[in-house]
Structures are given as structure tokens and as C-alpha cells.
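Remarks on the structure that follows.
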Amino acid sequence: MNDDGGTSNGTAAEPATAGSPSATPATNLAGGGQAEAAGAHPVRVGQGVEGRGHGRGWTFLTNHAHVLLALARDPAARLRDVAASVGITERATQAIVADLEKDGYLHRTRVGRRNHYTINSDGPFRHPNEADRRIGDLLALFTDLD
């Protein structure tokens with residue numbers, strides 16, 4: 001459970017009460033009805049790709065990636081607008097931009113009363129499995145930028 005009462009996948013957590021699914025051992029919802037080990041996630045039939053758009057589930061890209069892509073598309077965007085497009089708070093967007101700046105993926109330049117963001121497309125991905133790839137590969141995939 002996150003600090004805001006939600007779970008890591010963006011769904012709201014429900015309190016465990018007697019007789020509720022979270023208070024009893026989970027069953028395999030894909031069939032068989034066998035109890036699963038504590039902490040295991042049940043597989044739900046019908047929650048695959050065809051379930052897109054129904055509720056807030058997980059996505060393949062993190063909020064950091066979404067913010068980076070939004071700033072790549074519009075380097076002069078206000079963080080308020082970036083937050084709205086990503087679907088997170090302005091405060092969360094500010095924290096993500098600070099992370100990206102601190103680690104050298106993003107550089108902020110003040111232009112008049114606005115900020116202009118420059119992305120270091122040569123920055124490597126942070127996970128060891130993708131560390132040989134560059135952020136520019138992601139930008140090229142999801143933007144019309146060269």
C-alpha cells in the first residue's frame with residue numbers, strides 16, 4: 001500500500017474485514033480454486049489486453065518516462081500542463097523533474113518567466129537489463145523528434 005492509501009498499481013486499497021477477499025486466503029481466479037501462497041497475486045481471467053481502459057491498472061511506462069516524453073514533445077511546457085497530460089499531481093511532476101535533472105537526463109534553462117527543458121538523449125536507461133540502450137531510443141519510438 002502506498003502512502004496515499006492506494007496500491008502500487010494505482011488501485012485503491014480496501015480494508016481487510018472478516019469475510020472480505022483480502023481477509024481470507026486468495027483463490028486462483030483463473031480456475032481450479034486452489035489457495036495461493038500469501039502475497040501471491042491472483043490471475044484474473046479477462047484482464048489482459050482486451051481490458052484496456054477499464055479502471056486504472058498498470059502501464060508499461062513509468063511516470064518518469066511519461067514526464068520525459070511530455071517534455072520532449074514540448075520543451076517549454078508548464079509543469080502544470082505536463083502533470084495534467086500524465087495524470088499526476090503538479091507536485092509529483094516537480095519531484096520527477098528534479099529526479100531527472102539530478103541524474104543528468106534533463107536540463108532546465110530559465111527563459112524569461114518560463115523554463116525550457118533539454119533532454120540528454122545519450123543518457124542510459126537505469127535498469128541493468130536496458131543499460132546498453134539510450135533514452136534517445138525511447139524518445140524516437142514515442143515522439144516525432146529526430
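One-based numbering along the sequence shown. From a predicted model like this one, the values you see are computed outputs, not experimental measurements.
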Indicate yes or no: at least one non-hydrogen side-chain atom of Asn115 is less than 4.5 angstrom from one of Val97. no
Sub-4.5 Å side-chain heavy-atom contact between Ser121 and Leu139: yes
Quick test of your reading of the model: are Asp103 and Arg126 salt-bridged, counting only N-O distances below 4.0 Å? yes
Test side chain to side chain contact (heavy atoms under 4.5 Å, CB included), reference His66, set Ile96, Ile88, Leu61, Val82, output is Leu61
Ignoring hydrogens and angles, tell me if any N or O in the side chain of Arg108 forms a donor-acceptor pair with the backbone of His116 under 3.5 Å. no
Nearest 0.5 angstrom please: [X] [atom1] to [Y] [atom2], how far?
X	Y	atom1	atom2	answer
Leu79	Arg91	CG	CZ	13.5 Å
Asp144	Arg73	CG	CZ	8.5 Å
Leu138	Leu68	CG	CG	7.0 Å
Asp137	Leu141	CG	CG	9.0 Å
Arg80	Thr93	CZ	OG1	11.5 Å
Leu106	Ile119	CG	CD1	6.0 Å

For the student: nearest non-hydrogen atoms of [X] and [Y], plus distance:
X	Y	result
Tyr105	Phe125	OH-C, 4.3 Å
Tyr117	Leu71	CD1-CD2, 3.6 Å
Leu100	His64	CD1-O, 4.1 Å
Pro124	Ala131	CB-O, 3.7 Å

Please determine whether side-chain hydrogen bond (donor to acceptor under 3.5 Å, both in side chains) holds for the pair Asn120 and His107, giving the CA-CA distance in whole Å, both sets of side-chain angles, and the decisive distance to 0.1 Å. CA-CA 8 Å; Asn120 174 11; His107 178 73; over 6 Å; no
